[in-house]
Amino acid sequence: MLRHDLRNKLASVRNASFYLRRRVEKDATNLAEDPRVPTFFRLTGTELDAAEAILAERIPRLPEVVIEDCDVDAAIAAAIAYAGAPVSVPPCGMIVRALPAELALAVACLIQNAIEAGATAIEVIATRDGGSAVIEVRDDGPGFAAELAPRAADAGVTTRDGHLGLGLAIVKRIAGRALGELRFANRFQLVVPCR
Amino acid sequence: MILLVDDAEAVRITYGALLEDDGHRVIEAASLAEARLRIADAALEIDLVLVDLHLPDGLGTDLTPQVRSRRPAAPIVLLSGADHAGGDVDLVISKGSDPAGLAAALEAAIAQRAGRR
């Protein structure tokens with residue numbers, strides 16, 4: 001019902017705005033004679049206030065994310081230990097702003113994706129791109145089809161039977177919490193702001 | 001005359017204004033119960049029923065049997081803020097849609113209903 005109630009408010013604002021615009025376009029000289037004009041200006045404000053109240057009441061405020069300094073090499077090492085696979089990782093020496101456990105989880109998800117795609121030689125490379133660290137998993141697997149990339153990080157999207165399709169969604173969410181992003185440039189890249 | 005059924009006053013006010021501005025007479029109902037009274041009132045020449053899907057006392061589509069029986073020439077246009085598959089209505093209009101298309105959509109529904117009979 002949240003969508004229904006919000007759409008009611010927004011539809012009323014849209015309709016009022018359309019009515020006002022049409023009145024002005026038809027005859028701007030007699031606007032004062034139309035009682036709906038001041039009514040709809042008022043209604044626009046009250047409906048938007050009501051929409052905001054609905055959001056504030058029904059959508060819980062999420063706890064603030066506490067960002068800290070995170071050693072990228074340490075996070076990658078933790079991810080490799082978690083994944084339990086032989087992974088080559090040249091040290092990068094970068095410090096980013098992210099929760100260490102979350103960054104490790106994100107990298108572990110990327111490594112796990114490579115393993116499940118059949119990769120046997122896996123490398124985690126972290127490079128600097130401007131003010132951000134770019135972490136990517138390079139491997140000898142089949143690669144990811146570019147046409148599938150736009151939706152690949154949506155929760156539940158997967159090309160493999162029996163999989164939940166959550167790995168990349170987790171990576172994307174963690175990237176967002178660190179004020180970074182998950183992007184695709186031939187392979188998925190976890191981009192996180194450096195300290 | 002268009003019977004406009006929605007429990008949200010602001011929706012009735014704004015849709016009513018648009019419809020009257022387009023030359024229609026509008027009579028309102030804020031619930032299924034009120035709408036049923038209007039439909040049963042033989043003194044009202046109802047040409048179209050524009051009804052919200054979610055009403056406090058039921059669904060807008062609950063009006064369909066009565067409208068088909070008492071006002072067979074009147075198309076039923078469902079105002080839906082949700083994703084609704086339709087059912088036995090003549091047209092579904094999303095509340096998120098551009099009001100610029102409202103008049104043409106209602107005229108098309110009336111013409112289509114007249115063509116069926």
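Residue numbers begin at 1 in each chain, while the letters A, B, ... track the order of the sequences.
- Distance CZ/A:R7 to CG/B:D52: 11.5 Å, rounded to 0.5 Å.
- By a heavy-atom distance cut of under 4.5 Å, A:F40, A:L43, A:E47 are the residues of residues 38-54 of chain A near chain B, going up by number.
- Heavy-atom neighbours of A:D140 CG from other residues, nucleotides or ligands within 6.0 Å: above the threshold of 12.
- Salt-bridge formation is detected for the pair A:R22/B:D22: a Lys NZ or Arg NE/NH1/NH2 atom is positioned less than 4.0 Å from an Asp or Glu carboxylate oxygen.
- Taking CG of A:N15 as the reference point, atom CG of B:L102 lies at 7.5 Å (rounded to 0.5 Å).
- Heavy atoms of other residues, nucleotides or ligands lying less than 6.0 angstrom from CD of B:E45 number 12 at most.
- Shown are B:I13, B:D6, B:T14; of these, the side-chain contact (heavy atoms from CB on, under 4.5 Å) with A:S12 is made only by B:T14.
- Each of A:R21, A:K26, A:R23, A:R36 was scored for a salt bridge (Lys or Arg N to Asp or Glu O under 4.0 Å) with B:D21, with one residue passing: A:K26.
- Note on B:D98 versus A:R14: no salt bridge recorded, every NZ/NE/NH1/NH2 to OD/OE distance being 4.0 Å or above.
- Atom CZ of A:F184 has more than 12 neighbouring heavy atoms from other residues, nucleotides or ligands inside a 6.0 Å radius.
- Taken together through direct or relayed side-chain contacts under 4.5 Å among Ile, Leu, Val, Met, Phe, Trp and Tyr, A:Y82 and A:I135 form parts of separate hydrophobic clusters.
- Taking hydrophobic clusters as Ile, Leu, Val, Met, Phe, Trp and Tyr residues chained together by side-chain heavy-atom distances below 4.5 Å, A:V134 does not share a cluster with A:I80.
- Between A:L10 and B:K95 the shortest side-chain heavy-atom distance does not fall below 4.5 Å.
- For B:E9, there are no salt bridge (Lys or Arg N to Asp or Glu O under 4.0 Å) partners two or more places apart in sequence or in a different chain.
- Both B:V92 and B:V5 belong to a single network of hydrophobic side chains, linked directly or stepwise wherever heavy atoms of I, L, V, M, F, W or Y lie under 4.5 Å apart.
- A:V13 and A:V24 fall into different hydrophobic clusters, where Ile, Leu, Val, Met, Phe, Trp and Tyr side chains are chained together by heavy-atom contacts under 4.5 Å.
- Linking Ile, Leu, Val, Met, Phe, Trp and Tyr residues whenever their side-chain heavy atoms come within less than 4.5 Å places B:I110 and B:L19 in a single cluster.
- Residue contact with chain B, scored on non-hydrogen atoms closer than 4.5 Å, is absent for A:K9.
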